[in-house]
Each structure stands twice: as C-alpha cells, then as structure tokens.
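Only one structure is covered here, and it is reproduced in the block below.
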Amino acid sequence: MKRTLPGFWPTAFACCAAQAFAWTLRLPGQYAAMPALGTGVMLILLLRYGRGAWFGAALGACLWPLLSNVGWSMLLPLAALHLAQAVVVARFLPQFGQGGELRVHDGLRFLAVGPLVGAGVTSSLGVLVLYLFQAAGDAPLWAQWLLWWWSDAQAMLVALAVYFGLAYRRRDARAGVELGLLVVAALGVSMLVYFPPWPGLGDLQFLLFPLMVWAALRLRLFGVGLAGLITTLAAAVMLHLAQTPAVAAVPMVTLLVAVSITGLLLSLSNRESAAAARESRLAGQVFQNASEGILITDADARVVAVNPAFTRITGYPRSEAIGRVSRMFGSRGRQRVANREMLEKLAQESYWQGEMLDRRKNGEAYPAWLSISAVRDENGEISNYVGVFSDYTNRKEAEQRLHFLANHDALTKLYNRTAMHESLGQAVARASDEKRQLAVLFIDLDRFKAINDTLGHDVGDELLKVIAQRLKSSLKDSDLIARLGGDEFTVLLDNVHQVDDVAHIGERLLTELCRPIVIQGQELFVTCSIGISLYPGDGLQPAQLLKNADVAMYRAKELGKNNYQFFSPDMNARAFEHLVLENSLRYALERRELILHFQPQIDIVSGELEGVEALIRWEHPELGLIPPSSFIPLAEENGLIVPIGDWVLQEACRMLKLWQVAGYAIPRLAINLSARQFLREQLPQQVAATLASYDIPPQRLELEITESMIMQNPQRAVSVLGELRAMGVKLAIDDFGTGYSSLSNLKHFPLDTLKIDRSFIVGVPEDEDSAAIAEAIVAMAKKLRLKVVAEGVETIQQMLFMRRSGCHAVQGYLYAMPLDADALLRYLAREGYAAAGPVDASPA
Ligand SMILES: Nc1nc2c(ncn2[C@@H]2O[C@H](COP(=O)(O)O[C@H]3[C@@H](O)[C@H](n4cnc5c(=O)[nH]c(N)nc54)O[C@@H]3COP(=O)(O)O)[C@@H](O)[C@H]2O)c(=O)[nH]1
C-alpha cells in the first residue's frame, strides 16, 4: 500500500545522500560503485511512496553523473538509466509480501525482474553509453559491466529484503536479542572476511554463508537484509580502501550476490514450510474436532481415515471403519440409483451433496446430510474421496415441527386456515376427478365473545380446546377439522353420498357441542351455529365453498342460533342486503334517518312513571323502520357506533329538555351505551358537557351498560363508572343474567339499577327455573342495594310475580311498546302521568 509522501525534499535528500555516500566509495577509474546504495534507497522510496518519490529519485539519479563529472551530454542518458531502472523494477516487481504468505515462487519472480533483468539491462545500457562516449575506465569492459550489474543486483536484494522483511519480522521478546546478536555476528564476520586481524588467515568469504543461513532461519527476510547490508558496506569500504581493481572486485561482489540470493530463498522456503506445517496442524485439528463426521476413502471407496465425530455418529470405531468399503458408495436397494447419480456427478464435477439414509452400527437408520469431494492426483485421476456428513435427525424433527406449526392452530392443535385451504383445494380436485360430493361446515360458537369478556381469555381458551376435542370425537378421523381463528371452526367432509348424512352430522355436532362444559369450576352452556355448503352445487372453488358456508352460518345465527343451515343462493342476496345496509348506514346520520323511540318504565308498587328508555330506530327510505338489532351490530363492527352513540346522547338530552320546557315531568331518561362508547377516554366529560349544554340535572340521565362491557376491562370500568357516579349520573346494568358474571362480581362497581334480562321474565311464573332465577337475582340485587327493573314484562302474571319477588320497576309491552316522541306524550297524557301542551320535537 502506498503511503503519504513525507515531502519532496526529504525523499530527494535521502536519495542524494545515499548516492553521494556510495560515490565516495567508488573504485578507482570506475563509473559504477560498490555499494549501489542509491539504487536501493530509490527503490525503497518508490515502493513506499509510488509516483510521489519520482522527484527525489530523479534528483538522486542526476547527482551520480554530476559527481562523476561525465559531461552534460552523457548526464541525461545515464541519469535516465538510473531513474528508469528504479521506476521499472518498482513497477513490475511482483507485489509479493503485500498481505499474503511469502513463497519461494514469489522470491524467484523478484530475482528475475529485479537483480537479473532490471539490473542486467541497466548495466548493459550504462556501459554502452560509457563506451560510446569514450568515458569507460581503464578496466576491461566486461569487468565494469559485471561490477555495475552485481552492485545494483546486490543493492536491490538488500533493499528489498529489508523493506519486505520489516513487515514480516519476528516480534517476540527474543527477536530483539537475536537481532542484536546478528548485527554483532555480521560485523564480526565482515571483519574476519574483509579486514582480517591476523595475516595468513586466508580467504574466509565462506563464513558469509553460515551467517546468512542463520539470519534466514532465525530472523527471516529482515535478518537476511540486515546481514546483507552490513557485509556489503564492509566489502565496499574494504574495496575502496584497497583501491581494488574492477577485475579483482568482480568475484567478491558476485559471491556477495550469491550469498544474498541464498539467504533470500532459504528464508522464503523456511517460511513456506512453516506455513505449510501450520496449515496441516490446523487441518488436523479441524479433522479431529469437527462436529461433522469426516471420512476419507481411496478411489475404490475403501475408508482410509475417519475422525472422532464419525465414530460418535455411526458408532463404528476407527479400527472397524478403516479398510471397509464405505456404505456411501455401496448401498443396496433403492438408494443404489441415487448412489449411481452421485458417482456420476462426482466424476464430472468432483462434488456432490445431498441427503442420504445411513445406518448406525446398532442398526438404527438415520438421515445424514452429506457432502463429498473427489480429490484428484496430478494426472487428474480421482485418488480419494472426502466425505463430510452430519446427523440430520434433529433437523428433520425440527422441519417436521415447523411444518406442524405452519399448518396447525397452536391452541387446539387442529388444522389452521392455511392447511384447510390447501386440503380443500386437493379434495375439490379429487372430487372433481371422481365425480363425488363434498361438504364444508362452517361452525361459529354463539355468544363466545361474552364468555371471553366476562370470564377471561383463559376460560375462553380452555373452552375452545374442549370444543376442538368434541369436534374430533364426534367426527371420523378422515374428516378434516380446522380452526380458522377466534371461535370459528370448519369441517371438511370428503366423499358425501347423501345430503341427509351431512344433516345428521350437523345435528350431532349441535347436540355434542351444547353439552355443559365445566371450566375452572364453572359450568358453561355453549351453543353453535353451523353453515353448510356442498361441492359442486354451492361452488367449484375452495374459497367460494368456504364463503357460502360462512353465509349459511350467518343465516343460522339470524334464525336464532343453535341450528344449522344449508347454503341457498338467496342467502347471498341477503348477504348483499347486509352490504347495502352497511353502506347506507354511513349516510343515515347525515340524512337524519335515525330516530329515538321511548319505552316507559313503571314503578311496580305505586304505578308511577319511573322514567323512559330511549331506543334507537332507523327510518330507512326504502326498507322502512329498521330495528336496532339489524344495524347496531353492523355499526359496532365498522365503528359507526361511536358517532351514532354521540347522536343518541345529544338527541335524548335535547328531547328531555324539550319535554321539561313543555311541562312534562319525566323523572329519568335511560340510554344504551355501546362497548366502544363506554371505553372512550372522554366519555365522562362528554356526558357532563351534553348535560350542561341542555341544563339537565345529571340524576335525570341513566346510562345502561352490559356485564360484558364491564368485564372487558374491569379496572377502567371502575374508574369510568366512578367518575360518572360522582357527577350524579345514574348507572344501570342491562340484560343481567346473560353475561356469565355473577352478582358478587358486580359489587365492586358503583351501580344503581339492575335490569333483569327478558329471557328470565318470559317463563315466569310457570317455569320454575326462570322463576327461581328471577327471585334469586332480585334478592341478591336488593342486598347490594340495587334498584331492580324487570325487562320485557308482557303479562299481568309476570308483573304480579315480579312484584311479589320484590322487584321495583317494570318495562314491557304490558304497559307500552317503545313509542315515538308524539305517541309517548299521548301515552303519558292518557295514563295521567303528565299533562301539558304539544311539543315541537323537530331538530333545531
Ligand atoms: N348502543 C345502543 N344500543 C341500542 C340503542 N337502542 C337500542 N339498542 C340495543 O338494541 C337492543 C334491542 O332494542 P329494541 O329492538 O329496541 O328492543 C327493546 C325493546 O323493544 C324490547 N322490549 C321491551 N319490552 C318488551 C316486551 O315486553 N317484549 C319484547 N319481546 N320485547 C320488549 O327490549 C329491548 C329493550 O332494550 P334494553 O332494555 O336495552 O335491553 C337493545 O337491547 C339495546 O341493546 C341505542 O341507542 N344504543
């Protein structure tokens, strides 16, 4: 990587200083010199700073011819040669040492590019220039040429060994000590070789080899560079001092080059074998510690090595596995075909991976995920196979588990919507081929929401589980049962012979599901509504069959719940009506199509008017008067209940004010709240503001809520009811007895009135159960100091019974049906409850 240049002048100074120093050591009558320090320094700077060092290198290249006083005509070619050599070698040097392992191969390429070709060409051209300009020294040209060549080659070797060696030098604690020793040894050897202290020691140049071998083996490339630098400088000083002629200097410099090349290649080879040993150690550790089983076979699939994981997975110890033909290649039966394909792929692509059924030593079969690589020899023939495999059992189990979760309902373990759609699609395809009938049953629990809201989701969940169990035990294993979500279940009956059979199944399910269920000590009675569609008559597509069964189920609900209905095309028309109704409801408020009717509540003892209950109606321009049961659930579904509820509150208070002004003494007006309205944050403020705007005392307004609305969020209910009660507004619990909550639950809430649901009044006094329940409710309500109102009183017997029971007030057709505003006033006048003038009730 190129670094940022420290500045032009520092590099120029380094190059020039190196050139000047080397020039002082040149041999007599020679242009070139040992050492070619400038060449080495230029090369290092160019390698490190790239083009940024060209300026300094160019100055250094000019300095040498200048100092040599060769004349201006020669200066340019010689300087150009110096610079070109450094630039070209730096450019074409293989980028070895740049982040990978140094290899002998890289060293050889470097030798070829730098010391051999680079220095060889430059010295040849340089000597040619000297010859042409008749500036060569006295020495033979070949000696000058070789001296120049080897000097530059040696400079490159030393420079590059130091430069690249620095990056890979040893960094352990002992390296510093060994480096110091190497410097001392290099100086010592240089003294002995070039400045022998005692005459007659002979030629000791051979000592350079052990020095370089030690440097290469112990201190790597950097050691080689350092030893080379010291010995080269020592040789240069000696040659200069001794004024050695070029011819005599050549062998000495050649030997130095040979020593440096030896050191370089030895250090690289040593490093390469160390790296190879490390790699093989690592490979051995991977083999031993891998969690996957590994086996190596020869070309005939005979096992030659296995790792411990192989033994762990298969149960075969190494001794029993070695020498056997691997089952991976020699399976019998069905797997043989697969194996043949595997061998073919291995022969073509040298790699295969896939699943395979293997057998452990104890005979147990297990799925294995296996990858096999074919190892080829130098001739391209397969010499070995390496198989890596893992026990796939857990993954298979996890896959199966995942598949189960994706297709089943977590609560009931029945199939889910996705699985039902898929199975229905397959069943339809089969039935179409075999010309058979299918039936889809759409089952929805009646009043499940009330159970969930009043008894909590835990009870609701338990109930769903029991229902799922009952569905399973009432149907055949081949019938597919799914829970689509909430309290919706579907059943797919494959192969239906007669429609009567489906009807019987519908009846059986109704009977089974309505048996009492005991959860957490509470006995629950649940019924369900079932819609049935048949293939092919009611639809050819799965989605259509499900939709039509759903429509039929809604019809069953409309018909009073706890029954089953077969789909018929006119049901779709009804569903369409439903849609039209929903759309026009959106504009009912704007078009002032909503009105209030009022039903009196009478004190059962005194016969006085207690109050009236406001009950909403929709005067539809085409469909006539629509009862709340037909549009309130719709409004609750789509959220329109909120603006509708706001309107009811406003309108009821407006009417109350009008009557008051007109002199009608209506003690109290009750209105029904929806769950959404009740849960709205600003309800108490909204009620207070409305009462204030019509100047109505809060005690004259009663708000009716149901048990399930309270139980949905009891904490919030306590606070909302508390706020309303603090304002003085009266609070009534409506439809009591239908919501699965007990009176003891209600004692925590600030209530004034309890309205017994009409379903308990219908049967009294004849039906003993109804009578007992009604009496018990009145008795307990009185203990809680609640006023009791009986709803839906139609007969005198019912009224008398409720009076005997202690009930306070009654509301029902016996006294009056819900009446529009004018009819109410007429009724009040007729019954003597109030007498006043006419009231203009049209909105302001
Ligand atoms: N959120 C709101 N809900 C409202 C509002 N107005 C009504 N409703 C809800 O609709 C339910 C049905 O109301 P409706 O069809 O008006 O039925 C009421 C009476 O007509 C009926 N009733 C009264 N006496 C008799 C009787 O002797 N026999 C008989 N078969 N039916 C009778 O009972 C209903 C009384 O209502 P409630 O006291 O509230 O239970 C109604 O139950 C409300 O839930 C509204 O403005 N907002």
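Start at 1 and go down the list; that is how both ligands and their atoms are numbered.
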Checking K557 against D444 for the salt bridge (Lys or Arg N to Asp or Glu O under 4.0 Å) test, could you report, in this order, the C-alpha distance in whole Å, the side-chain angles of both residues, the deciding distance, and whether it holds? CA-CA 9 Å; K557 292 250 186 223; D444 189 279; 2.7 Å; yes
K561 vs D446, salt bridge (Lys or Arg N to Asp or Glu O under 4.0 Å): CA-CA, chis, key distance, verdict: CA-CA 7 Å; K561 303 176 179 159; D446 300 328; 5.7 Å; no
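Near ligand 1, Q599, E613, L615, I616, R617, P628, V648, N672, L673, S674, E704, D734, D735, K755, R758, E791, G792, V793, E794, G812, Y813, P818 each place a heavy atom less than 4.0 angstrom from the ligand.
In terms of the salt bridge (charged side-chain N to carboxylate O under 4.0 Å, His left out) criterion, residue partners of R555 (sequence neighbours excluded) are, by chain and number, E558.
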Using a 3.5 Å cut-off and no angle test, enumerate the donor-acceptor pairs between side-chain atoms of residues 766-780 and protein atoms at least two apart in sequence or in another chain.
unit_1, atom_1, unit_2, atom_2, d
D767, OD2, S770, N, 2.9
D767, OD2, S770, OG, 2.6

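Contacts classified as salt bridge (Lys or Arg N to Asp or Glu O under 4.0 Å) and involving residues 660-674 (residues at least two apart or in different chains) are given here: E610-R668.
We find the CG-CG distance between N672 and L703 to be 9.5 Å, quoted to the nearest 0.5 Å.
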